[in-house]
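Notes follow the structure.
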There are 2 protein chains.
Amino acid sequence: MAAARVYKHPETGDIAIPRVMFALSEPLRLSMVQLLSERGEVDSIELGPDLPRSTLTHHTSLLRESGVVFVRAEGRKCMIQLRRDDLETRFPGLIGTVLHGYQESNPGMAEA
Amino acid sequence: MAAARVYKHPETGDIAIPRVMFALSEPLRLSMVQLLSERGEVDSIELGPDLPRSTLTHHTSLLRESGVVFVRAEGRKCMIQLRRDDLETRFPGLIGTVLHGYQESNPGMAEA
DNA sequence: ATGCTTGTGCGAGAATAGTCGAACGATATG
DNA sequence: CATATCGTTCGACTATTCTCGCACAAGCAT
């Protein structure tokens, strides 16, 4: 039986640069994307274990709707990963340079 | 004699990626940066000839304070240009891929 | 069946962002 | 000197975003 929760994602061609830029303009979401870049697919709870659940849902929804991440339900979990290939297709090098710039100012985050 | 208006710009090292992403997340500012990319230094009025002047100032100030552009006064004019070299230093390839992505969805803008 | 875990959606409050008119000041022109 | 041009600032209004408590529902364990 299909998962109860099915998530809608924009088609690769419909990913809009202003929305991607906006999604990556908030430090909290930037840190989430940084973590996804390192770890591949994770349970969304790992992106903000101390956040209130509605705050976490708000940000993961924005990342999904902007086309930055894929989300799929796995039982009651919510698995999330970077849409790296689609973002590379549409905006080559964007994620790499943004995360590199991010790590320059937040070097300690990688160990978290 | 020095220009009456002297503009403050962040040092290259102080340009923060979230602020750059934010500056480039608004379609109006994206179109301004697209135009600067093509024409080099221009009178700021060329970025939005039909905009109310306070709206134009609001956006040009945000672009300057985020580190995306250089601004200098020339008499009563306001000359503005992309900080291309500094942005390439800090975030290699960012501007190129963002503007390429922007033009994919707004092909007619180049002739404006 | 009950209890726990986790996500979602609603709604509220606070903060931020976008728009822009009006007033003012500096520069340039007549 | 008067007028025109253009930028800035203030303040107001509207819109959007961020945070998050609460209630509810689905999945899982007991």
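Proteins come first, then strands; the chains are lettered A, B, ... in the order of their sequence lines, and each starts at number 1. Atom set for the values below is all heavy atoms of this structure, side chains included, hydrogens, waters and symmetry mates excluded.
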Requested in this report: Examine C:dA17: is either OP1 or OP2 under 4.0 Å from a nitrogen or oxygen in the side chain of B:Arg19? Give yes or no.
Outcome: yes

Query raised in the report: Is there a side chain to side chain contact (heavy atoms under 4.5 Å, CB included) between A:His9 and A:Val71 once you walk through the steps?
Result: CA-CA 8 Å; A:His9 299 83; A:Val71 173; 4.1 Å; yes

**Report entry** Of A:Pro52 and B:Lys77, the one whose closest DNA chain D nucleotide lies more 5'
**Finding:** B:Lys77

Query raised in the report: Is any side-chain N of the basic residue among A:Arg90 and B:Glu104 closer than 4.0 Å to the acidic one's carboxylate O?
Result: yes

Query raised in the report: Rounded to whole angstroms, how far apart are CG on B:Leu51 and P on C:dG21?
Result: 11 Å

Query raised in the report: Does the base of C:dT27 carry an N or O that pairs as donor and acceptor with the side chain of B:Arg76 under 3.5 Å?
Result: yes

Report summary line: From CD of A:Glu26 across to C1' of D:dT19 the rounded distance in Å is 10 Å

**Report entry** Check: A:Asp85 and A:Thr12 side chains under 4.5 Å, non-hydrogen atoms
**Finding:** no

**Report entry** Rounded distance (Å) that lies between atom C1' of D:dT19 and atom CG of A:Asp50
**Finding:** 15 Å

Query raised in the report: When you measure from the side chain of A:Ile45, which nucleotide among C:dG7, D:dG7, C:dT19 comes out closest?
Result: C:dG7

Query raised in the report: B:Glu74 CD to D:dT5 C1': how many Å, rounded?
Result: 15 Å

Requested in this report: Report yes if at least one side-chain N or O of A:Thr57 is closer than 4.0 Å to OP1 or OP2 of C:dT8; otherwise report no.
Outcome: yes

Query raised in the report: So does A:Tyr7 get a side-chain nitrogen or oxygen closer than 4.0 Å to the phosphate oxygens (OP1/OP2) of C:dG7?
Result: no

Query - Atom pair distance, as rounded to whole Å: CG in A:Leu28 and C1' in C:dA15 - result: 16 Å

Query - 5′-ward residue of the pair A:Phe22/A:Thr55 relative to DNA chain D - result: A:Phe22

Report summary line: Which of A:Lys77, A:Arg76, A:Arg72 passes salt bridge (charged side-chain N to carboxylate O under 4.0 Å, His left out) with A:Glu74? It is A:Arg72

Query raised in the report: Between C:dA23 atom P and B:Arg53 atom CZ, what is the distance in whole Å?
Result: 13 Å

Query raised in the report: Ignoring hydrogens and angles, are the base of D:dG7 and the side chain of B:Arg5 linked by a donor-acceptor pair under 3.5 Å?
Result: no

Query raised in the report: Contact class for A:Leu56 vs. all strands (heavy atom < 4.0 Å): base, sugar-phosphate, or nothing?
Result: nothing

Query raised in the report: Using a cut-off of 4.0 Å on non-hydrogen atoms, how would the nucleic acid contact of A:Arg72 be classed: base, sugar-phosphate, or nothing?
Result: nothing

Report summary line: Looking only at C:dG18, D:dG7, D:dT19, the nucleotide nearest the B:Arg29 side chain is C:dG18

Query raised in the report: Looking across every strand, which nucleic acid part, if any, lies under 4.0 Å from B:Ser44 by heavy atom: base, sugar-phosphate, or nothing?
Result: sugar-phosphate

Query raised in the report: Where the side chain of B:Arg19 meets the backbone of B:Val68, is there a donor-acceptor pair that is under 3.5 Å apart?
Result: no

Requested in this report: Round to a whole Å and report the spacing from CE of A:Met32 to C1' of D:dC18.
Outcome: 12 Å

Requested in this report: For A:Leu62, answer base if it contacts any base atom (sugar-phosphate contacts may also be present), sugar-phosphate if it contacts only those atoms, and nothing otherwise; contact means non-hydrogen atoms under 4.0 Å.
Outcome: sugar-phosphate

Query raised in the report: A:Leu30 CG to D:dT17 P: how many Å, rounded?
Result: 16 Å

Report task. For B:His58, answer base if it contacts any base atom (sugar-phosphate contacts may also be present), sugar-phosphate if it contacts only those atoms, and nothing otherwise; contact means non-hydrogen atoms under 4.0 Å. Result -> base

Report task. Would you check if B:Leu94 and B:Leu87 make a side-chain contact, meaning some heavy-atom pair closer than 4.5 Å? Result -> no

Report task. Scan B:Arg64 against the nucleic acid and name what it touches under 4.0 Å (heavy atoms): base, sugar-phosphate only, or nothing. Result -> nothing

Query raised in the report: Phosphate oxygens OP1/OP2 of C:dA22: is one of them under 4.0 Å from a side-chain N or O of B:Ser54?
Result: no

Query raised in the report: Below 4.0 angstrom from OP1 or OP2 of D:dT17, is there any side-chain N or O of A:His59?
Result: no

